[in-house]
Amino acid sequence: MHDPIADLLTRIRNAKLAKHRYVDFRLSSIKINIVKVLLEQGFVDNYLVNDEEGEARVFLRYTAGREPVLQGLRRISSPGLRRYVTYRQIPKVLGGMGTAILSTPQGVLDGETARKKKVGGELLCLVW
């Protein structure tokens, strides 16, 4: 696998389309940090980590009408073409309804927090 972050986003996107309750993925610190940001922003319900097997499980959030809260995911920076932004260049997703996820020197942050802390970094993905 060349891009583990894209793999995680694709697994979440496919599970959302199939209306699965959860998604399993291989464990890595960057993926867990991305899932933590998704949890803080309210796009997922919870996540569990199984260190013994090296896997993690993220539980997707749905509305009362069984519609997914997470509408879309898009990978921006990739191993072949890294995208870096300053804090002034961090995009607002759907007028603030979504979020950008960045890898910064202060860790993996959502776009609004990175703007407030005035840090830029690698623009990993957009979520709405």
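Just so it is clear, the structure is predicted and the values come from calculations on it, not from any experiment.
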List, by chain and number, the other hydrophobic cluster members for [X], where Ile, Leu, Val, Met, Phe, Trp and Tyr join if side-chain heavy atoms come within less than 4.5 Å, directly or indirectly.
{"X": "Val119", "value": "Leu109"}
{"X": "Tyr84", "value": "none"}
{"X": "Trp128", "value": "Ile76, Val85, Tyr87, Ile90, Val93, Leu94, Met97, Leu102, Leu123, Leu126"}

Closest approach of [X] to [Y] (non-hydrogen atoms, all atoms of both residues):
{"X": "Pro91", "Y": "Ala100", "answer": "O-CB, 4.1 Å"}
{"X": "Pro105", "Y": "Gly120", "answer": "CD-O, 3.6 Å"}
{"X": "Val127", "Y": "Leu70", "answer": "CG1-CD1, 3.1 Å"}
{"X": "Arg57", "Y": "Asp24", "answer": "NE-OD1, 2.6 Å"}

key: Summary of salt bridge (Lys or Arg N to Asp or Glu O under 4.0 Å) pairs that have at least one residue in residues 42-54, sequence neighbours excluded   = Arg21-Asp45, Asp45-Arg61
ask   = Which salt bridge (Lys or Arg N to Asp or Glu O under 4.0 Å) pairs, counting each pair once, include a residue from residues 68-77, with sequence neighbours left out?
value = Asp3-Arg75
task = Return the set of residues passing side-chain hydrogen bond (donor to acceptor under 3.5 Å, both in side chains) with Arg83 (not counting sequence neighbours), or none when no residue passes.
result = none
message = Restricting to side-chain hydrogen bond (donor to acceptor under 3.5 Å, both in side chains), what partner residues turn up for Thr113, sequence neighbours left out?
response = Asp110
request  = Report the C-alpha separation of Ile5 and Cys125 in whole Å, then their side-chain angles, then the decisive distance to 0.1 Å, and conclude whether the side-chain contact (heavy atoms from CB on, under 4.5 Å) test is met.
outcome  = CA-CA 9 Å; Ile5 296 172; Cys125 61; 5.7 Å; no
Side chains of [X] and [Y], heavy atoms from C-beta outward: is any pair under 4.5 Å?
{"X": "Ile30", "Y": "Leu124", "answer": "yes"}
{"X": "Phe43", "Y": "Ile12", "answer": "no"}
{"X": "Pro4", "Y": "Arg26", "answer": "no"}

Can you list everything that forms a salt bridge (charged side-chain N to carboxylate O under 4.0 Å, His left out) with [X]? Sequence neighbours excluded, please.
{"X": "Glu40", "value": "none"}
{"X": "Arg82", "value": "Glu122"}
{"X": "Lys92", "value": "none"}

request  = Only one of Leu60, Val44, Thr63 passes side-chain contact (heavy atoms from CB on, under 4.5 Å) with Val69; say which it is.
outcome  = Thr63
task = Please identify each residue that fulfils side chain to side chain contact (heavy atoms under 4.5 Å, CB included) with Lys36, with sequence neighbours left out.
result = Ile32, Asn33, Tyr47
inquiry  = Tell me whether Lys19 is salt-bridged to Glu67, with the criterion being a basic N under 4.0 Å from an acidic carboxylate O.
reply    = yes
message = Using a 6.0 Å cut-off, check whether atom CZ of Arg88 has over 12 heavy atoms from anything other than its own residue.
response = no
task = Kindly compute the distance separating CZ (Phe25) from CG (Leu9), expressed to the nearest 0.5 Å.
result = 10.5 Å
Contacts of type ring-ring contact (aromatic ring centres under 6.0 Å, His included), residue Phe59, not counting sequence neighbours = Tyr22
request  = Is it possible for you to say whether Tyr62 and Leu48 belong to one hydrophobic cluster, with membership spreading through side-chain heavy-atom contacts below 4.5 Å?
outcome  = no
